[in-house]
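Worksheet: one structure, shown below.
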Protein chains: 2
Amino acid sequence: MDSEASLRNERKRGSGVKVVYDILRDEILDLELPPGSPIDEVQLSERFGMSRTPIREALVRLAGEGLIDTLPNRSTMVSQIDFLNMHSYFDALVLMYRVTTQLAARYHRPEDLEGVRALQADFADAVEAQDALAMISTNAALHLAIAEAGRNPYFTGLFSRLLNEGRRLLRLYYQSYNDRLPRRFVEEHDEIIAAIETRDTELAERLAREHAEQIVAQIQKLLMRGDRLDVSL
Amino acid sequence: MDSEASLRNERKRGSGVKVVYDILRDEILDLELPPGSPIDEVQLSERFGMSRTPIREALVRLAGEGLIDTLPNRSTMVSQIDFLNMHSYFDALVLMYRVTTQLAARYHRPEDLEGVRALQADFADAVEAQDALAMISTNAALHLAIAEAGRNPYFTGLFSRLLNEGRRLLRLYYQSYNDRLPRRFVEEHDEIIAAIETRDTELAERLAREHAEQIVAQIQKLLMRGDRLDVSL
DNA sequence: TGCATAATTCTTGTCGACAAAATATATACA
DNA sequence: TGTATATATTTTGTCGACAAGAATTATGCA
């Protein structure tokens with residue numbers, strides 16, 4: 001348990017908050033810290049072997065991204081997944097898929113596509129291996145790389161946040177995620193990348209929309225089945 | 001200057017960071033702290049009469065929203081306005097105008113429009129009074145109220161951030177902003193509100209787009225004229 | 001026993017201090 | 001005089017401590 005605390009003295013000055021932030025962020029997105037988990041500052045400070053000050057700064061950052069909720073003067077906990085307003089999430093997700101892909105078709109440079117193709121290969125591997133967790137993260141990385149080729153930091157920022165939310169959401173269901181459908185996603189990705197390469201903005205946008213709607217429909221189907229893990233609303 | 005510091009003892013526990021955050025945020029958006037201004041923690045702690053700890057947490061929040069840039073172990077300063085990638089900003093702004101207005105037409109409740117109309121009246125007053133600063137802020141408040149009637153926090157959040165950026169940007173030019181054109185904006189607002197009320201999503205979206213493009217063209221014209229204040233790129 | 005109040009424990013927000021980086025200044029040497 | 005090294009100063013990141021609120025437990029009273 002003190003594998004992290006033992007880094008106490010070999011840590012570079014100023015890296016403290018970033019370490020805590022990165023680790024907690026991953027644990028939240030991977031549901032190792034499920035929604036509603038209490039966040040105890042002193043416990044964290046013991047775990048990471050540092051004082052509460054850098055811990056707190058990391059928590060402020062996490063709160064800024066909506067990953068934790070802080071009640072003033074009272075406890076702070078991992079934020080809930082809002083199943084009631086899910087359509088807001090899907091609307092935003094689909095729109096960001098569309099617009100980032102379209103902008104990528106317009107503004108990408110050839111060298112951008114190398115990275116994108118590498119990530120698409122990773123995604124294909126994950127699908128082939130039926131590794132749902134890897135699928136989730138490689139899919140997010142792929143689409144984020146496409147978004148970055150579109151070179152609009154405002155859209156990329158929101159999209160990144162939405163994909164993270166999705167990572168948390170999908171993690172809820174990843175057991176039921178290994179049917180044959182994802183294989184279609186690989187082909188869809190290939191078509192999207194081709195449309196980007198030929199700078200066909202209209203086609204890229206349309207394919208991205210269809211792709212996004214596929215994904216949303218898939219998630220909604222999972223949501224409807226109600227075989228989700230026991231996590232409070 | 002110690003009018004803020006004198007609140008030392010009458011301040012409620014926990015309100016410190018919020019006070020500092022709000023004040024600094026306003027000062028940055030109003031260009032009282034122009035881009036590039038150095039942020040000195042000890043100076044702020046003296047000014048607000050509190051220790052550096054709450055100051056720092058406020059700065060972390062500001063950095064999270066991109067309003068200040070923090071070089072590790074080195075100085076932190078008010079973030080620059082990125083004139084080179086302005087088109088990214090305009091793209092995002094126009095899209096958020098469109099989508100939030102469209103969603104408002106779909107999802108608003110009648111009582112939402114009361115608030116919207118009140119803010120539109122404020123905007124009309126500001127235009128009538130040729131008060132450019134008030135125009136900027138009332139216009140932002142109006143469109144944000146419309147966005148909130150659309151009930152998608154992801155879009156509202158991004159839009160809010162963009163409108164803030166715009167507030168900072170327009171503040172650069174507000175002297176040259178008092179020609180006759182804004183009067184058209186009042187009428188356009190009225191049309192948009194009417195379209196929302198009749199739940200004509202398509203019309204609302206189209207009007208919002210035209211409105212946004214008007215505004216963007218107006219800003220770009222100001223940018224091109226080059227008569228901007230002396231602020232470093 | 002049930003409920004309201006008081007005492008106690010825990011957690012959070014803030015503070016002052018200190019040490020590591022970085023910056024500025026001074027000194028040495030060519 | 002100019003450059004390089006050493007010293008001093010400033011600024012930032014972190015720490016341990018403490019006090020205010022909230023949560024919890026204990027106590028008193030009907």
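Here is the naming used below: chain letters follow the sequence lines, and residue numbers restart at 1 for every chain. The basis for the numbers below is simple: all heavy atoms, side chains too, and nothing from hydrogens, waters or symmetry mates.
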Expressed in angstrom and rounded to an integer, what is the separation of [X] atom [atom1] from [N] atom [atom2]?
| X | N | atom1 | atom2 | result |
| --- | --- | --- | --- | --- |
| A/I55 | D/dG16 | CD1 | P | 12 Å |
| A/L59 | C/dT12 | CG | P | 9 Å |
| A/K18 | D/dT14 | NZ | P | 13 Å |
| B/I39 | D/dT12 | CD1 | P | 10 Å |
| B/E41 | C/dG16 | CD | C1' | 15 Å |
| A/E57 | C/dT12 | CD | C1' | 15 Å |
| A/M77 | C/dT12 | CE | P | 13 Å |
| B/L44 | D/dT12 | CG | C1' | 14 Å |

For A/T53 and D/dT14, is the shortest distance between a side-chain N/O and OP1 or OP2 below 4.0 Å?
->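 It does not, given that no N or O in the side chain of A/T53 lies less than 4.0 Å from OP1 or OP2 of D/dT14.
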Where does the angle between the aromatic ring planes of A/H143 and A/F159 fall among parallel (under 30°), tilted (30 to 60°) and perpendicular (over 60°)?
->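 Answer is perpendicular, since the angle exceeds 60°.
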Salt-bridge present (B/R47, B/E27; N to O < 4.0 Å) =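 Salt bridge present between B/R47 and B/E27.
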Test item: A/Y154 side-chain N/O and B/S88 main-chain N/O as donor-acceptor pair under 3.5 Å |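 Flag not set: sc A/Y154 to bb B/S88 has no pair under 3.5 Å.
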Check for a donor-acceptor pair, side chain of B/R151 on one end and backbone N or O of B/A149 on the other, with a separation under 3.5 Å.
->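 Confirmed, B/R151 side chain pairs with B/A149 backbone.
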Using side chain to side chain contact (heavy atoms under 4.5 Å, CB included) as the criterion, list what pairs up with B/D69, not counting sequence neighbours.
->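 By the side chain to side chain contact (heavy atoms under 4.5 Å, CB included) rule, B/D69 matches B/S79.
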Please list, for nucleotides 20-22 of chain C, all pairs of protein and nucleotide N/O atoms separated by less than 3.5 Å.
| residue | atom | partner | partner atom | Å |
| --- | --- | --- | --- | --- |
| C/dA20 | N3 | A/R13 | NH2 | 3.4 |

Report the nucleotide, chosen from D/dT12, C/dT14, D/dC15, that has the shortest atom-to-atom distance to any side-chain atom of B/T76.
->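 From the listed options, D/dT12 comes nearest.
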C/dT14, D/dT11, D/dT14: which one has an atom nearest the side-chain heavy atoms of B/P54?
->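 So the side chain of B/P54 is nearest to C/dT14.
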Which residue lies more 5' along DNA chain D, comparing A/V17 with A/R52 via nearest heavy atoms |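 The residue closer to the strand's 5' end, by nearest nucleotide, is A/V17.
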State the CG-CG distance between A/L158 and B/L162, to the nearest 0.5 angstrom.
->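 So the gap between those two atoms works out to 9.5 Å.
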Output all residues satisfying side-chain hydrogen bond (donor to acceptor under 3.5 Å, both in side chains) with A/T156, sequence neighbours left out; order by chain, then residue number.
->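 With neighbours one apart ignored, the set is empty.
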